[in-house]
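Chain letters run A, B, ... following the sequence lines, proteins first, then strands; residues in each count from 1.
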2 protein chains.
Amino acid sequence: MDAMAEITIQQVAQAAGVSPSTVSNLLNGRAHRMLPATRHRVEKAIERLGYRPNRAARQLRTGRTQTIGLVVPSVGNPFWGAFARHLESAALAEGYHVLLCNSERNPERERHYIDELWSDGIRGVVLCSSLPSLDHVRPLIERGLQLVTFDRAAQAADPESLVSISVDNVVGMHLATTHLIGLGHRRLAFVSGALGSVNRKDRYRGFVDALELAGLPADSAAVWSGASAEWFGDVEAAELGREAARELLSGDRPPTGIVAVNDMCALGVCRGIRDVGLRVAHDVSVVGFDDIVLADLYDPPLTTVRQPSPQLATSAFAELKARVENPGTTPGRSLLVRPELVVRESTAPPPSHP
Amino acid sequence: MDAMAEITIQQVAQAAGVSPSTVSNLLNGRAHRMLPATRHRVEKAIERLGYRPNRAARQLRTGRTQTIGLVVPSVGNPFWGAFARHLESAALAEGYHVLLCNSERNPERERHYIDELWSDGIRGVVLCSSLPSLDHVRPLIERGLQLVTFDRAAQAADPESLVSISVDNVVGMHLATTHLIGLGHRRLAFVSGALGSVNRKDRYRGFVDALELAGLPADSAAVWSGASAEWFGDVEAAELGREAARELLSGDRPPTGIVAVNDMCALGVCRGIRDVGLRVAHDVSVVGFDDIVLADLYDPPLTTVRQPSPQLATSAFAELKARVENPGTTPGRSLLVRPELVVRESTAPPPSHP
DNA sequence: GATCACTGGTGTAACGTTGCAACGACCATA
DNA sequence: TATGGTCGTTGCAACGTTACACCAGTGATC
């Protein structure tokens, strides 16, 4: 295989007997400026040579890219996989591409990625970081980086141009916890990885709020937040949930209801419940968060808080595109969608006391 | 926010009191060619100005990119999500980026993406297409596109430079089917979407081969391949499996063992089994393919054929990188990894006859 | 028959980077 | 003191594209 020469706009121009400018005009929606005959000649030439414009040259010249960055914890988690998929579809429909970055919840890695994206000429990023502070990206934001954060409610100290799109995590967990309390549960537990991220903190707060509203002492509830790990990957969430369930249920005064920080974690909790010989719902109720596809497939189907990820992804892209194409015109804002509790069969009244 | 001027290599050069060439030399691993003092001045300037090289300019000049393309059916399917994640990690370790493309099993979309990737200057793509023919990418391969196909055994008519990495799907399904037969099952069913892709065809063949080897007439087995849909998305696989199970089990002579084309589909089958009031394993055994994280979490934990996706992803990237950086030196080849049957609890002997 | 406005098309410079060829300065050798 | 070699650094052209300014021709208007 020999070193392949690319087909350039000059070659097309020559083949069509016009100047490169004319070809460029056609390519950039200025076809009306030429005779139909010319236009057809050029189109034929493009077709015949299989010409594809060189994106790097175009980007260098115009300063624009048709690529956005997506930073998620890990597409190994089906929730993020689905989100990535929907975002990518929205992008495709508008001629954009998506560069995938799994931060693995590693701040260093996340920072590195944002820098790289900037180098790539990418000026719009959907960040699903959840790091409380955005200081590591502030210099870039000041230079013109457009950021849409997802699943991370806006913070007071955030840069003002920021757009944030998220489900209301506090409300969501409030709903979940209240559901459990309404079923008669009094001994609850909250299972999560380290509470380092905004959304986890919010979810935890929803849990505590609901407890207090019901007159239950907050300290009566167990909180299991993976003391060992500073942070944990989203795939390991399941393993963590499993471990948590085993530990919680073999202690004294085991909980009868467990709310998990997300569905993967909840599924792990369910597994842990079976590990110790108990039954989900019958012995201990579990509620998750996200409503991944598998929640409904599980046995028992998982009660959970739904994040409408197609809509959220679509909004995120639309918001980002508007800002990238028209920087500085719209002020920062924050969209907080109210989530919905989906009651399935992993929750039931607590077993009657002996 | 005003239009932001990028920081260029010239500005760095000026700030450091050297020429752009010197900065470029430093950036491209030719630091030994300058005095330590110069080097430090330049490094300081880069740091102080927050300079990031413009990738588009660099790519235009050198013709190289540090980006590869990944075309998967859909990262909404946890198997592909995990694969994407591992591939991306391998890429990151070598300074590469990954552009994500979900084909949604739509040939038109896949074709479009490959064209776009080429336009982006990307010369290496991991293609998880499974389309039997590669004709739609042949022109680009001839121009120098390096392709590693994954989960698609090499075909006779493939371009010679092609690398293909895959699990041995025939063997895998053979293992799964034989496992069921060994447990005493005689009435089996194979559930899949349309058998349009190479891997599905292979998996089906493994199923039939095992049947024949056991002296079971192939036509005694039911095959459910989603007659309605031309193709189906990976997320819908679960829905399809569910429907298949309901239909198969309410017919006459229902199967006692079902092998599903992948885990998502198998999970759907399990759900369908419960829909009709039967129990997985106890009444009908199910075996999947992939070994996604959730297989082990499920109730009952799913017996399945494992694809070692971290290793496969790592190999795919290594193979692709070698070819992109050194085109035309290595001939095409094909790596077929033997998969492993993971026996869990979704399979059991068939219920004894009344 | 000048002037003007359009129409269809072209020439040119620039985007930021790289790598080669070339440079002057210095030192060792003859 | 010439000659040659090395060292550290730089000038220059080019990668493929685009947008602006410009131009030559045509037809209408005064």
Measure from the side-chain heavy atoms of B:T22 and tell me the nearest of D:dC12, D:dA19, D:dT9. D:dT9
Strand contacts (DNA chain D) in residues 37-60 of chain A, 4.0 angstrom heavy-atom criterion: A:Y51, A:P53, A:N54, A:A57, A:R58
Between B:R109 and A:E88, is there a side-chain N and carboxylate O pair less than 4.0 Å apart? yes
Run the salt-bridge test on A:E6 and B:R143 with the 4.0 Å N-O cut-off and return the result as yes or no. no
Most 5' of A:N28 and B:P20 on DNA chain D, judged by nearest nucleotide: B:P20
Could you walk me through whether B:H97 and B:R55 pass the side-chain contact (heavy atoms from CB on, under 4.5 Å) check? CA-CA 12 Å; B:H97 292 168; B:R55 208 86 81 180; 3.6 Å; yes
Salt-bridge criterion met for A:E325 and A:R64 (N-O under 4.0 Å): no
A:R33 CZ to D:dT18 P, in whole Å, measures 14 Å
Closest to side chain of A:S19, choosing from C:dG8, C:dT17, C:dT10: C:dT10
Expressed as a whole number of angstroms, how long is the span from A:R30:CZ to C:dT7:P? 16 Å
Thinking salt bridges, do B:D158 and B:R152 make one under a 4.0 Å N-O criterion? yes
Using the side-chain heavy atoms of A:M34, tell me which of these nucleotides is nearest: C:dA14, C:dT17, C:dG9. C:dG9
Are B:W118 and B:R123 side-chain neighbours, meaning at least one heavy-atom pair lies under 4.5 Å? yes
Is it the case that D:dA19 (base atoms only) and A:S21 (side chain only) share a donor and an acceptor within less than 3.5 Å, ignoring hydrogens and angles? yes
Please check the phosphate of C:dG16 (OP1 and OP2 only) for any side-chain N or O of A:R61 closer than 4.0 Å. no
Minimum-distance nucleotide (side-chain atoms of A:V18 versus D:dT10, D:dG16, C:dT10): C:dT10
